Amino acid sequence: MKPTVEHALIGTLREHGLTLALAESCTGGMVAMRVTSVPGASDVFLGGVVCYANAVKRDMLGVPQEMLDQHGAVSAPCAKAMAEGVRERLGADIAVSVTGIAGPGGGTPQKPVGLVFIGVSTPSGTRVDRHLFLGDRPSIRQHAADAALAAATSFDNI
């Protein structure tokens with residue numbers, strides 16, 4: 001049986017002696033659920049914040065209110081701030097954030113349903129990837145969780 005991306009992630013983190021933290025919005029804890037499904041995940045996974053409401057992004061992760069007002073919660077700047085905030089607050093080596101619009105409502109022409117930003121923060125910097133996933137709410141959330149796990153495995157230069 002081929003190992004899952006979450007198994008590979010836990011193995012890679014363990015091999016390098018690194019820790020992981022998560023900040024999830026539209027995935028609502030799906031990424032953390034998949035990470036913790038791997039035996040031994042407690043060796044490397046510190047925890048996560050399901051920050052569905054903007055107030056939680058602001059108060060728990062330190063996302064500036066001005067950023068939320070100017071760019072919105074579904075934006076590259078917000079994903080960056082979420083990843084950096086959870087990495088700092090949980091003391092992790094690597095942090096991943098997910099924020100997006102899973103639908104079926106809530107989309108606009110500028111920010112359509114399926115738009116997802118994934119941030120990866122390490123001591124050497126933070127990057128954000130923009131995705132546009134197609135499908136219904138469950139499939140968009142699944143695609144976002146898959147992409148977040150894949151992004152977590154692609155850290156560089158810690």
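Bear in mind the structure is a predicted one, so any value in this text is a computation, not a measurement. If you read the sequence from its start, that first residue is 1, and numbering goes on from there.
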Quick check for you: to the nearest 0.5 Å, what is the distance between [X] atom [atom1] and [Y] atom [atom2]?
X	Y	atom1	atom2	value
Thr27	Gln142	OG1	CD	10.0 Å
Ile10	Leu20	CD1	CG	6.5 Å
Arg127	Thr122	CZ	OG1	9.0 Å
Gln70	Gln65	CD	CD	12.0 Å
Leu61	Arg89	CG	CZ	6.5 Å
Arg141	Asp136	CZ	CG	11.0 Å

Verify the cluster assignment for [X] and [Y]: are they in a single hydrophobic cluster under the rule of side-chain heavy atoms below 4.5 Å apart?
X	Y	answer
Val86	Val98	no
Phe45	Val120	yes
Val44	Leu149	yes
Val38	Met33	no
Leu18	Val31	yes

- Does anything in residues 28-38 pair up under side-chain hydrogen bond (donor to acceptor under 3.5 Å, both in side chains), and if so which pairs, sequence neighbours excluded? Glu6-Arg34, Arg34-Asp146
- What pairs meet the side-chain hydrogen bond (donor to acceptor under 3.5 Å, both in side chains) rule with one or both residues in residues 38-51, with sequence neighbours excluded?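 Pairs touching residues 38-51 that pass the test: Arg14-Asp43.
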Whether the side chain of [X] engages the backbone of [Y] through a donor-acceptor N/O pair (distance < 3.5 Å, no angle test) should be reported.
X	Y	result
Lys111	Val74	yes
Ser97	Ala79	yes
Arg87	Ile94	no
Lys57	Tyr52	yes
Thr99	Ala73	yes
Glu24	Gly48	no
Thr4	His7	yes

Taking all atoms of both residues into account, what is the closest heavy-atom pair of [X] and [Y], and its distance?
X	Y	answer
Leu134	His143	O-CD2, 3.8 Å
Ile118	Ala147	CD1-CB, 3.4 Å
Ile140	Gly114	CD1-CA, 3.8 Å
Ala83	Thr126	CB-CG2, 4.5 Å
Val96	Ala152	CG2-CB, 3.6 Å
Val63	Ala81	CG2-CB, 3.9 Å

- Go through the steps to decide whether Thr12 and Thr153 satisfy the test side chain to side chain contact (heavy atoms under 4.5 Å, CB included), and finish with yes or no. CA-CA 8 Å; Thr12 300; Thr153 64; 5.9 Å; no
- Heavy-atom neighbours of Met67 CE exceed 12 at 6.0 Å: yes
- Message: Is there a side-chain contact between Pro112 and Ile101 in this structure, where contact means two heavy atoms from C-beta onward sitting under 4.5 Å apart?
- Response: no
